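A note on names: the letters A, B, ... follow the listed sequences, proteins ahead of strands, and every chain is numbered from 1. This structure is a prediction, so every number in the text was calculated from the model and none was measured.
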There are 2 protein chains.
Amino acid sequence: MVSKYLEALITEFSKIPGMGQKSASRAAFYILKLKDSDVKRFASALIDIKEKIRECSVCGGISDADICSICSDPSRDSSLICVVEDEKDILTIEKTRIFRGVYHVLKGVISPLDGIGPDDLRINELYDKCKTGKVREIILATNPTLEGDATSLFLTHKLKEMNIRVMRISRGLPVGGELDFADTATIARSFDERIEVF
Amino acid sequence: MVSKYLEALITEFSKIPGMGQKSASRAAFYILKLKDSDVKRFASALIDIKEKIRECSVCGGISDADICSICSDPSRDSSLICVVEDEKDILTIEKTRIFRGVYHVLKGVISPLDGIGPDDLRINELYDKCKTGKVREIILATNPTLEGDATSLFLTHKLKEMNIRVMRISRGLPVGGELDFADTATIARSFDERIEVF
């Protein structure tokens, strides 16, 4: 290798999920051609994210303050809680601008094989919110995987006992997708969850 | 957005060529979950690349010292020069371990539409090397684009006058590729540059 510094940066980039050796090297050369001030800004952005981002004490999502901008927004409906696996999921759902309630991050899914049980997740925190009597509806938005589904099922039983309306986001063909390209499980699901047209 | 710091880092990542909004956001979340020390190492790698990498005074490639590890390697044949457009190309060719000569980086290609003429490139530096009488062969390895080809052609005329053997890397079907997927220009080129088998 002609430069150990270049090599070091390529190594850092190549650890990013989804970045192969080629894109990592392309990224390093992009950095090499940036202005000094731009590289410094990139480096500070990296440091800032670790030093300044906190966990929202209400939803468990990421936040710049003790309570995140969603949980502290009076225009959001706090009686409607969307349960997600991961902080990242909040951003994904927010992009659609379809949901006006608040979130609750589980920080994972129940996965016996990985030794992750209900007590390792933010499940009791969810129950505590429900016990206040201020929660009207829970929308489960865990990933449509075995573990995600199992976690949702686990939550449903307990939440139903608390007399809370529990909903789950729908599964089926992706918008713009084609039957031909969908897997059999998705097609089967879209038949199971069919909706009456008129 | 729930965090301006997260947003700032996503913005930095999304400027990297080939990184879309989604992969930038995935990268930022990856950083968020790293240990403090790992993020600091990443940030220093960014800063280092700008502060410590220099241009090799011989080939124009990247280097940690005044003369790069290739140009200063006595086992490399300095009478055989491979001419490339970009510093990055050196790394790409080095990976093949096929070339044991040295390099010369042009730092671009002749492109009248972008206002780049021969004097804006490291062409005179190449002529100077050839004038020493120590250069036996030049291998042109510019990209197979209109500008790359034009630049190679431009160099060929002058180098021939200097009585230097000028070669060009071959074009044709990529190894492992299929005729069916190749574009017509590549197929036409592979017929033009056909090689006798026996």
Same cluster for [X] and [Y] if Ile/Leu/Val/Met/Phe/Trp/Tyr side chains link at under 4.5 Å?
X	Y	answer
B:Ile169	B:Tyr103	yes
A:Tyr127	A:Leu140	yes
A:Met162	A:Leu106	yes
B:Val105	B:Val58	no

Chain A interface, residue from [options] that has the most non-hydrogen pairs under 4.5 Å:
options	result
B:Ile62, B:Asp48, B:Asp36, B:Thr11	B:Ile62
B:Arg26, B:Lys40, B:Lys22, B:Lys33	B:Lys33
B:Asp86, B:Ile70, B:Asp38, B:Val39	B:Val39

Answer key: most heavy-atom pairs under 4.5 Å with chain B among A:Thr92, A:Ile47, A:Val2 is A:Val2
Roughly how far, to the nearest 0.5 Å, is the [atom2] atom of [Y] from the [atom1] atom of [X]?
X	Y	atom1	atom2	answer
A:Ser3	B:Glu87	OG	CD	11.5 Å
B:Met19	A:Tyr30	CE	OH	11.0 Å
A:Arg41	B:Leu9	CZ	CG	11.5 Å
A:Tyr5	B:Ser63	OH	OG	11.0 Å
B:Ile31	A:Lys50	CD1	NZ	9.0 Å
A:Ile53	B:Leu6	CD1	CG	4.5 Å

Taking all non-hydrogen atoms of both residues into account, name the closest pair between B:Ile49 and A:Ala28 and its distance.
-> CD1-O, 3.7 Å
Enclosure of [X] [atom1] (heavy-atom neighbours >12, cutoff 6.0 Å):
X	atom1	answer
A:Lys95	NZ	yes
A:Arg171	CZ	yes
A:Lys129	NZ	yes
B:Leu146	CG	no
B:Lys107	NZ	yes
A:Arg100	CZ	yes

With a 4.5 angstrom heavy-atom cut-off, which part of B:Leu91 approaches chain A: side chain, backbone, both or neither?
-> side chain
When the 4.5 angstrom heavy-atom criterion is applied to B:Lys15 and chain A, the contacting part is both
Would you mind checking which part of A:Lys4 comes under 4.5 Å of any heavy atom in chain B, side chain (CB onward), backbone (N, CA, C, O), both or neither?
-> both
Under a 4.5 Å heavy-atom cut-off, does chain B meet the side chain of A:Phe42, its backbone, both or neither?
-> both
